[in-house]
K.L.:
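Below you'll find the structure I mean.
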Number of protein chains: 2
Amino acid sequence: MPPSEKTRLPGQDALRDSVLGGDLVFLLARANALMLAAANAALAEHGLKARSYSVLALAADGARPTQRELAEFLRLDPSQIVALVDGLEKRQLIERRTDPADRRANVLVATDAGRALFARAQESARAVELGLLATVTPEEHERLADLLRLLAFPDWAVSDSRTGQRSRGTARSARHLG
Amino acid sequence: MPPSEKTRLPGQDALRDSVLGGDLVFLLARANALMLAAANAALAEHGLKARSYSVLALAADGARPTQRELAEFLRLDPSQIVALVDGLEKRQLIERRTDPADRRANVLVATDAGRALFARAQESARAVELGLLATVTPEEHERLADLLRLLAFPDWAVSDSRTGQRSRGTARSARHLG
DNA sequence: ACAAATAATTGACTTTTTCAACGGTACGTG
DNA sequence: CACGTACCGTTGAAAAAGTCAATTATTTGT
């Protein structure tokens, strides 16, 4: 028999069946803690964490985001973005360019080295994600992503409110992680 | 192609459609940040946060968990449980009782006042959860909870590996949040 | 031209996280 | 039984993360 049985505590099942077992805030927090730890462990080999990986991803994506847009998107204080960008810029993975349209703002772009590192890191990230979702069918995987997008971007669904319909679902999501 | 709205920042849509838009770790982190903030705001009226609410919930549930079980379940360091329990015990909401079966361990039980407060706080928590999931059908809500449980408790589904079947799904989840 | 608002940055401060120790207790082996 | 090992709760210290107000440079509206 596997040694994992020994580590299982008798109270764990009872706790999982408690009121918190149906609490979405708790489930979200615990799932996030586990995935974040796994992601950080996998990204460490590239000298990144989930935070810096996210910044690098958005810089490498060509979206040319300003630091403030990053702050709002990642739900971080602008001052934390400064430190994050400082670190990546010191490693020459991204650059600050003053936005010609608004010279107060910095637009972030990845260097060649940054894009190269991101490509490698993304492989690790994807592997981790697929590993943790190994027990889930691809359809369920997509469904989970769709539902999480609804929670993560609450005011997105009403953006094209002219029709009153939400355009979420398979059509939008089939693009990713195919 | 949905026409982007004037009120929204130009970069936001681009960021949401970037690589991170399909990254489950990011979606989980952002959804968690939003729900946690909403939950904390709602629980503040009862002098609780999500953390203390969780501890109180498990103590009030009759599962009589030890602090170590709590630590593992909530994915916190045991030392953080000490502070959490200290706070709730000082307010006479829970009690530490040395486990008669193992005098090293403390078993946590809620007082009458603790159960009463939890009942009220649970109403707030449920209201918040339903509010944030207002754009989601009850079936989708349950489906999300089921999928999150898979992520939050990775080794649960494999526990009865003899059959190779998972027993997750509607039968199990219909009990909660009816 | 001028006042108000905004982007990035800095610094101070609080909270959270992480880790290593310690005393008290349980448990297996000899 | 005695003993070493492993464990539970607790403490404290250090690192990381989060919060917030103030500052400078720039934009925007009047």
Side-chain angles (χ1 to χ4, degrees), chain A residues 3 6-12 29-30 32-34 36-37 40-41 43-44 47-55 59 64-90 94-109, chain B residues 6-7 9-12 29-30 32-34 36-37 40-41 43-44 48-52 54-55 59 64-90 94-109:
Chain A
K6 194 174 181 182
T7 63
R8 174 154 278 144
L9 299 170
Q12 292 296 89
R30 192 179 151 110
N32 177 53
L34 292 175
L36 200 62
N40 279 334
L43 290 171
L48 296 172
K49 298 185 186 180
R51 289 279 165 82
S52 41
Y53 171 80
S54 297
V55 173
R64 302 178 79 87
T66 70
Q67 296 185 202
R68 175 153 290 277
E69 288 168 337
L70 240 61
E72 189 167 330
F73 192 66
L74 300 178
R75 285 265 130 183
L76 296 177
D77 191 272
S79 59
Q80 294 182 74
I81 304 290
V82 174
L84 240 17
V85 170
D86 278 351
L88 291 173
E89 197 175 37
K90 232 161 266 165
I94 66 175
E95 280 179 9
R96 278 184 236 244
R97 298 194 190 163
T98 64
D99 186 349
D102 182 346
R103 293 193 348 248
R104 294 171 299 179
N106 291 335
V107 149
L108 301 182
V109 290
Chain B
K6 282 282 176 66
T7 64
L9 292 177
Q12 291 297 90
R30 192 178 153 112
N32 178 54
L34 292 175
L36 201 61
N40 279 334
L43 290 171
L48 296 172
K49 298 184 186 180
R51 290 278 168 83
S52 41
S54 297
V55 173
R64 303 178 78 85
T66 69
Q67 295 184 201
R68 178 152 290 275
E69 288 169 337
L70 242 61
E72 189 166 328
F73 191 67
L74 301 177
R75 285 267 129 181
L76 297 177
D77 191 272
S79 60
Q80 293 183 74
I81 304 290
V82 173
L84 241 17
V85 170
D86 280 351
L88 292 173
E89 197 175 36
K90 234 162 262 164
I94 66 175
E95 280 178 9
R96 278 182 237 242
R97 296 192 190 164
T98 65
D99 186 348
D102 184 345
R103 298 204 332 256
R104 293 172 299 181
N106 290 336
V107 150
L108 301 183
V109 290

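Scope of the values below: all heavy atoms of this structure, side chains included, with no hydrogens, waters or symmetry mates. Letters A, B, ... mirror the listed sequences (proteins, then strands); counts begin at 1.
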K.L.:
Please report the distance, rounded to the nearest Å, between CZ in A:R103 and C1' in D:dT24.
P.N.:
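From A:R103 CZ to D:dT24 C1': 14 Å.
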
K.L.:
Once rounded to the nearest 0.5 Å, what's the spacing between atom CD1 of B:I81 and atom CG of B:D86?
P.N.:
11.0 Å

K.L.:
Starting from P on D:dG9, measure out to CD on B:E95 and report it in whole angstrom.
P.N.:
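It works out to 16 Å between those atoms.
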
K.L.:
For A:R68 and A:P78, indicate whether the former's side chain and the latter's backbone hold a donor-acceptor pair under 3.5 Å.
P.N.:
no

K.L.:
Hey, what do you get for CG (A:L70) to CD (A:Q80), rounding to the nearest 0.5 Å?
P.N.:
12.0 Å

K.L.:
Nearest whole angstrom, please: distance from the C1' of D:dG18 to the CG of B:N40.
P.N.:
13 Å

K.L.:
Just the table, please: protein N/O against nucleotides 3-7 of chain C N/O, every pair under 3.5 Å.
P.N.:
residue : atom : partner : partner atom : Å
C:dT6   : O4'  : A:R104  : NH1          : 3.4
C:dT6   : O2   : A:R104  : NH1          : 2.4
C:dA7   : OP2  : A:R68   : NE           : 2.7

K.L.:
Just so I know, are the side chains of A:T98 and A:V107 near enough to count as touching, which here means a heavy-atom distance under 4.5 Å?
P.N.:
no

K.L.:
With distance as the sole test, does B:N40 use its side chain to make a donor-acceptor pair with the main-chain N or O of B:K49 at under 3.5 Å?
P.N.:
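Pair absent, no side-chain N/O of B:N40 close to backbone of B:K49.
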
K.L.:
Can you give one letter per nucleotide of nucleotides 13-23 of chain C, 5' to 3': B if a protein heavy atom sits under 4.0 Å from the base, S if only from the sugar-phosphate, - if neither?
P.N.:
---SSBB----

K.L.:
Looking at B:N32 and A:A29, what are the two nearest heavy atoms and their distance?
P.N.:
OD1-CA, 3.4 Å

K.L.:
If we only count heavy atoms from C-beta on, is the A:R97 to A:N106 side-chain gap below 4.5 Å?
P.N.:
no

K.L.:
Ignoring backbone atoms, establish whether A:R96 has a side-chain N or O less than 4.0 Å from OP1 or OP2 of C:dT9.
P.N.:
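A:R96 to C:dT9 OP1/OP2: side-chain N or O found under 4.0 Å.
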
K.L.:
First locate atom CZ of A:R64, then atom OG1 of A:T66, and finally report the distance between them rounded to the nearest 0.5 Å.
P.N.:
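So the CZ of A:R64 and the OG1 of A:T66 are separated by 12.0 Å.
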
K.L.:
Rounding to a whole Å, what distance do you find between B:N32:CG and D:dA17:P?
P.N.:
16 Å

K.L.:
Would you mind reporting whether B:L76 and B:L84 have side-chain heavy atoms less than 4.5 Å apart?
P.N.:
yes

K.L.:
Determine whether B:L108 and B:R96 make a side-chain contact, defined as any pair of heavy atoms from C-beta on separated by less than 4.5 Å.
P.N.:
yes

K.L.:
Tell me, do B:L34 and A:R75 make a side-chain contact under 4.5 Å, heavy atoms counted?
P.N.:
yes

K.L.:
What is the separation between atom CG on B:D86 and atom C1' on D:dG9, rounded to the nearest whole Å?
P.N.:
11 Å

K.L.:
Where each pair must be Watson-Crick or G-U wobble with both distances under 3.5 Å, what dot-bracket representation of DNA chain C is obtained, with crossing pairs in [ ] and other-strand partners as |?
P.N.:
||||||||||||||||||||||||||||||

K.L.:
Taking atom P of D:dC8 as reference, at what distance in whole Å does atom CD of B:E69 sit?
P.N.:
9 Å

